[in-house]
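Below you'll find the structure, written out as structure tokens, and then a few comments.
The chains referred to below are lettered A, B, ... by the order of the sequence lines, with proteins before strands, and numbering in each begins at 1.
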There are 2 protein chains.
Amino acid sequence: MSSAPVGGRRADAVRNRHLALEAATALVSESTATLTVEAIAKRAGLGAGTVVRAFGSKDALLDAAVSDLLRPVVDRARELLARAEPDRALRTFLAELMDFQSAHHGISNELRGLAVPTTTELRAELEQAVRAMIAGAQRTGTIRTDLAPDILADLIGQTAFAIARLGTGLADAYLTVLMDGLRPPTSANAEPTVSPA
Amino acid sequence: MSSAPVGGRRADAVRNRHLALEAATALVSESTATLTVEAIAKRAGLGAGTVVRAFGSKDALLDAAVSDLLRPVVDRARELLARAEPDRALRTFLAELMDFQSAHHGISNELRGLAVPTTTELRAELEQAVRAMIAGAQRTGTIRTDLAPDILADLIGQTAFAIARLGTGLADAYLTVLMDGLRPPTSANAEPTVSPA
DNA sequence: GATAAATGGAATAGCTGTTCCAGTTGACTA
DNA sequence: TAGTCAACTGGAACAGCTATTCCATTTATC
């Protein structure tokens, strides 16, 4: 009679799925890595067929890998949103996001034109958290209100993911410029077209 | 006896080279276009072999196409640098660069990992002009001096090309935030960690 | 020990840049 | 204008790469 596991997959299939995901996650993090199925399989010590079969397609595997990297970032954004003052939450979160981007700057580049539904959803959640931070900071007066929170959140979301190639030094400078640019405009910098010196 | 044109190429070869370049330039500008040799050849009304032969390789053709798009931008930067006050030159140029990016946002995406020496050189020239604008604006006191001009120029160069996907509305907001962030820090926004309201 | 699930890696299919070549065309001569 | 010849052309053939499928063999489960 039948002897297969009734409810789920076989133990080795489960283990290999984990191995494939780990290998993919590792390779996605490395900016120089070539993201072929063959490379992932080799890294995982598996055959190419096994790797694809575990997730259905290469895209689905990459989606899972990137989502695994992104989920803690989303959680961290929500935590900061809940616990910290909006302005400080935003600054802290952006600093950490820059670090994340510097550490895994293969992510943005490799995902163009891929079907990554989970990753897309996580990015939307991330932007929502940022939007809440901005709205809060606008309420407390630490961020300019002449630009809509949706615009600013969209702006930050787009740029933060676009600038994956920035090194640490540049990321710091960018964060400084960005945060200062988000401040409410003062009479000192509102219309500085003519040199004051 | 020999009857070939001694000095140069045949007229049809010259004409087809132009056609190939025009087609490539048009396709590079369209963000949704698939940039295959076949597609370029079809657009130009030529055979694939003719297109490749005219430039030696697909990469060389794309390099030429992108450089053609970029050269006027570089010229414009130099013109503004020479004629306008540094701060205004920078603002005007960045606004125009954003427009350019919005209009041709296929450019940045398609060039990853390609050998495009001329394009690379033009970008370097562009950054040099921006660096000069920044240094000038720092001298007149309209741009912060706590960050080195090299850092700022690098920052602007990287971000300006990274954010190709920004729509017009976002580009305006980005420019506003960026320019305000570049202003000299005031006591009002220097340490606004605690909400003043 | 029986059996179905799972595996590895070869075979397949699809895509794309480059090369090749039989046929065409422009340039020059007389 | 007609003739010639080399440059040039289109597009088929080729080569390289990669995701996916397939299947003979192995392995986990009962």
Side-chain angles (χ1 to χ4, degrees), chain A residues 1-24 27-28 32-66 106 109-116, chain B residues 1-24 27-28 32-66 106 109-116:
Chain A
M1 298 298 280
S2 173
S3 59
V6 282
R9 283 164 300 209
R10 241 169 59 175
D12 53 349
V14 173
R15 179 171 42 82
N16 287 340
R17 200 187 135 96
H18 279 297
L19 288 175
L21 187 56
E22 273 174 31
L27 287 182
V28 163
T32 57
T34 52
L35 270 185
T36 63
V37 169
E38 198 90 23
I40 298 171
K42 190 182 174 188
R43 178 92 163 215
L46 300 171
T50 305
V51 166
V52 169
R53 208 178 319 112
F55 287 85
S57 73
K58 184 201 178 185
D59 281 16
L61 169 55
L62 290 184
D63 189 25
V66 174
N109 294 341
E110 301 294 346
L111 258 53
R112 304 192 176 279
L114 260 54
V116 282
Chain B
M1 304 287 281
S2 173
S3 59
V6 283
R9 282 165 301 211
R10 237 168 63 173
D12 53 349
V14 173
R15 178 171 42 84
N16 288 340
R17 200 187 135 96
H18 279 298
L19 288 174
L21 186 57
E22 273 174 31
L27 287 182
V28 163
T32 57
T34 51
L35 271 185
T36 63
V37 169
E38 198 91 20
I40 297 171
K42 189 181 173 188
R43 178 92 164 214
L46 300 170
T50 306
V51 167
V52 169
R53 208 179 319 114
F55 287 84
S57 74
K58 184 200 178 188
D59 280 16
L61 169 55
L62 289 185
D63 189 25
V66 174
N109 294 340
E110 301 294 346
L111 258 52
R112 304 191 176 282
L114 261 55
V116 282

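Among D:dC8, C:dA27, C:dA6, the nucleotide with an atom closest to any side-chain atom of A:Arg9 is C:dA6. Residue A:Arg10 has its side chain nearest to C:dA4 when only D:dT9, C:dA4, C:dA27 are considered.
Atom CG in B:Leu35 sits 6.0 Å away from atom CG in B:Leu27 (nearest 0.5 Å).
Summarising the geometry of A:Leu61 relative to A:Ala20, their closest heavy-atom pair is CD1-O, 4.1 Å, with the distance given to 0.1 Å. Of all non-hydrogen atoms in A:Phe55 and A:Ala60, the two that sit nearest each other are O-CB, 3.3 Å. Taking all atoms of both residues into account, the shortest heavy-atom contact from A:Lys58 to A:Thr36 is NZ-CA, 4.3 Å. Across all their heavy atoms, B:Thr34 and B:Ala39 have their closest contact at O-CB, 3.4 Å.
Following rounding to the nearest Å, A:Asp12 (CG) and C:dT7 (P) show an atom-to-atom distance of 5 Å. Going from atom CG of B:Leu46 over to atom C1' of C:dT25 covers 15 Å, rounded to whole Å. Residue A:Lys42 contributes atom NZ, which lies 15 Å from atom C1' of C:dG9 at whole-angstrom precision.
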Enumerate donor-acceptor pairs with a distance under 3.5 Å from any side-chain N or O in residues 11-19 of chain A to protein atoms, sequence neighbours excluded.
unit_1: A:Asp12; atom_1: OD1; unit_2: A:Arg10; atom_2: NE; d: 3.2
unit_1: A:Asp12; atom_1: OD2; unit_2: A:Arg10; atom_2: NH2; d: 2.8
unit_1: A:Asn16; atom_1: ND2; unit_2: A:Asp12; atom_2: O; d: 3.3
unit_1: A:Arg17; atom_1: NH1; unit_2: A:Ala54; atom_2: O; d: 3.0

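The shortest distance between the side-chain N/O atoms of B:Asn16 and the OP1/OP2 oxygens of D:dT9 is below 4.0 Å.
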Distances under 3.5 Å only, N/O to N/O: pair up the protein atoms with those of nucleotides 16-21 of chain D.
unit_1: D:dA19; atom_1: OP1; unit_2: A:Lys58; atom_2: NZ; d: 2.4
unit_1: D:dA19; atom_1: OP2; unit_2: A:Val37; atom_2: N; d: 2.9
unit_1: D:dT20; atom_1: OP2; unit_2: A:Lys58; atom_2: N; d: 2.8

